[in-house]
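One structure below.
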Amino acid sequence: MTTHTITPPSSSTPRAVRGRVLHFLRDPQYHDDACQYWEDGVLVIADGHIVAAGDYTALSGTIPANAEVIDHRGKLIVPGFIDTHVHYPQTDMIASPSPGLLHWLDTYTFPEERRFAEPAYAAAVAGFFVDELLRNGTTSALVWSTVHATSADALFGEGQRRNVRLATGKVLMDRHCPAFLRDTAESGARESADLISRWHGKGRLAYAITPRFAPTSSEAQLASCGELARAYPDTLIQTHVAENRDEIRWVSELFPQARSYLDVYDGYGLLRPGAVYGHCIYLDDEDRRRMADTGAAVAHCPTSNLFLGSGLYDFQQSDVHRLQLTLGTDVGGGTSFSMLRTMNAAHKVARMGGYHLSALRMFFLATRGGADALGWSDRVGSFLPGNEADFIVLDPAATPLLERRSARSTTLEEQLFAFALLGDDRAVDQVYVMGEAASPVKSAAAATAAT
Ligand code: GUN
Ligand code: ZN
C-alpha cells in the first residue's frame with residue numbers, strides 16, 4: 001500500500017513553478033472576468049505560500065535568484081480540488097449495490113461504520129483515505145467521520161500528518177439507527193465540544209458540527225446542534241437534506257410542524273455561512289430563498305445521486321436563487337474519489353435538466369467555489385498572494401485518448417472540458433501541499449485495515 005508523505009519543508013527555499021496556470025476569483029456563471037489564465041505562467045512560492053501568480057515573462061524578474069525552478073510547461077496548474085462532502089468511513093464499502101438510500105444505509109453503511117469504534121481500524125482507513133484524496137488531486141475536504149469521537153480523532157491525526165486542510169466532525173445520531181451507532185443529545189454535544197477544543201483551528205484543521213440527517217436526530221439533539229453552532233460560530237456545519245423521496249416522506253412524518261425538510265434545520269438555527277447541505281435535490285423556492293439569504297451552501301454530489309437513483313439536482317433553479325454551489329464526491333454513496341469524474345457526472349445531471357454546465361464553472365466549483373463555501377478562500381482555492389500553496393498539475397496527455405482530444409482543443413474551455421469528461425486520477429500528474437510535492441511512497445506503516 002502507498003501512503004503520501006510530504007517532503008519535509010527543506011528550508012524556506014523559494015520555488016517558481018512554471019506551467020499553464022489557471023485559477024478563479026469568482027463564479028464564471030455570473031462574471032465575465034472570473035478567472036485568470038496564463039499560457040506560460042508561473043507560481044512564485046515561499047514558505048509554503050503563494051507570493052505571486054502570473055505570466056512567466058512578466059514575473060521572471062521578481063523570482064528570487066536562489067529559487068528552485070520546477071518546469072511543468074505544457075501541463076495545467078490549478079488549485080488543489082476541494083471536496084465538500086465525502087465520508088471517509090465509507091471508503092471500503094464504495095460500490096455496494098442497492099435499490100436506494102435507506103436500504104443502502106441499513107445494509108452496508110451502518111454495519112461498516114460500526115467498525116470505526118476501533119481506533120486502529122479507523123486510523124488505517126483514515127490514512128488510506130487521505131492518500132486517496134491526494135492521489136486524486138483533492139487537497140482540501142469537508143469529511144464525515146462516524147458517531148465515534150475516536151473516528152474523528154483518527155482522521156484529524158492522519159490529516160495533520162499530511163498537513164492537509166481538512167474539516168470533519170463526529171456524526172450525531174441518537175435515534176432511528178442501530179443501537180451500536182447511537183449517541184445521546186448530551187453525549188453528542190459533549191463529545192463535539194471536546195473535539196472542537198482539541199482540533200478546531202489546530203494547524204490546517206477545522207471542526208464541522210455533523211448531525212447525520214433529520215431522521216436520526218431527536219429534537220433535543222437538533223436543538224443541541226443549534227446551541228453548538230451558536231457557541232462556536234466559526235465551526236462548519238454539515239448534514240444531508242432532500243436527497244431521496246422516501247427520506248423526505250419520513251421527515252414529514254417525524255416533523256409534522258416543519259414547512260419542509262430544510263425548515264427542520266432552519267428551525268434549529270443550522271442555516272448560516274459555513275453550513276454545507278449535501279444533495280438539496282428536492283428543495284422548493286422558499287427553501288432556496290432561505291439557503292441564499294442565510295449563506296448556507298449546497299454540496300452537489302452527482303455520482304451519488306445517480307448511483308443511488310436519488311434524483312437530479314436542479315441547476316436552473318439553483319442559479320435563479322444564486323445558491324452557493326459546491327461539488328462533493330459523497331464517497332461511498334458516490335462512486336469515485338475523483339473530482340474530475342464528479343464534474344463529468346455533474347455535467348450530465350445538468351444536461352438532463354436542459355442546463356449547460358461549462359467546464360470553466362466546473363473547475364470553479366471544484367476549487368474556489370468550495371473554498372468560498374467553507375470560508376477558506378483567503379487560504380486555499382485560488383492563487384491569491386498569501387494563500388497556502390496547494391495546487392495540482394494536470395497532464396493533458398495522461399491517457400492516449402485524452403492526448404488526442406487535447407491536441408484538438410483550441411480554447412481553454414475545450415481543454416478543461418476534455419479533462420472533466422475524459423479525466424480521472426490518471427490526469428493528476430503532481431500534487432503539491434503547502435508548496436511541497438506530496439509524493440507517493442511505499443510505506444510499511446500504512447498497513448491494511450485490521451478486520
Ligand atoms: N443520508 C444520511 N446518511 C447518509 C449517508 O451516509 N450518505 C448519503 N448519501 N446520504 C445519507
Ligand atoms: Zn453523504
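Computed from a predicted structure; not experimentally measured.
Two rings, from H200 and Y207, have their centers 6.0 Å or more apart. Note: H300 and F315 meet the aromatic proximity criterion, with ring centroids under 6.0 Å apart.
With sequence neighbours left out, the side chain to side chain contact (heavy atoms under 4.5 Å, CB included) criterion links A242 to I248, Y261, Y282, L283. By the side chain to side chain donor-acceptor pair (under 3.5 Å) test, H85 pairs with H87, H240, D330, sequence neighbours left out. For F391, the ring pair (Phe, Tyr, Trp, His ring centres under 6.0 Å) partners two or more places apart in sequence, or in a different chain, are Y432.
In this structure, R18 is positioned above the aromatic face of Y56, its NZ or CZ under 6.0 Å from the six-membered ring centre and within 45° of the axis.
For the ring pair (Phe, Tyr, Trp, His ring centres under 6.0 Å) criterion with Y265, the lone passing option out of F255, F213, Y277 is Y277. When each of R351, K348, H347 is paired with L357, the side-chain contact (heavy atoms from CB on, under 4.5 Å) condition holds for H347 and for no other.
Residue H49 holds its NE2 atom at 5.0 Å from CD of E388, rounded to the nearest 0.5 Å.
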(Q) Pair D425, M339 - check side-chain contact (heavy atoms from CB on, under 4.5 Å), show working. (A) CA-CA 9 Å; D425 53 321; M339 291 297 280; over 6 Å; no
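The closest donor-acceptor contact from the side chain of S406 to the backbone of L402 lies under 3.5 Å. Side chain of E247 to main chain of N244: a donor-acceptor pair is present (N/O by atom type, distance under 3.5 Å, no hydrogens or angles).
Donor-acceptor pairing under 3.5 Å is recorded for the side chains of T168 and S145.
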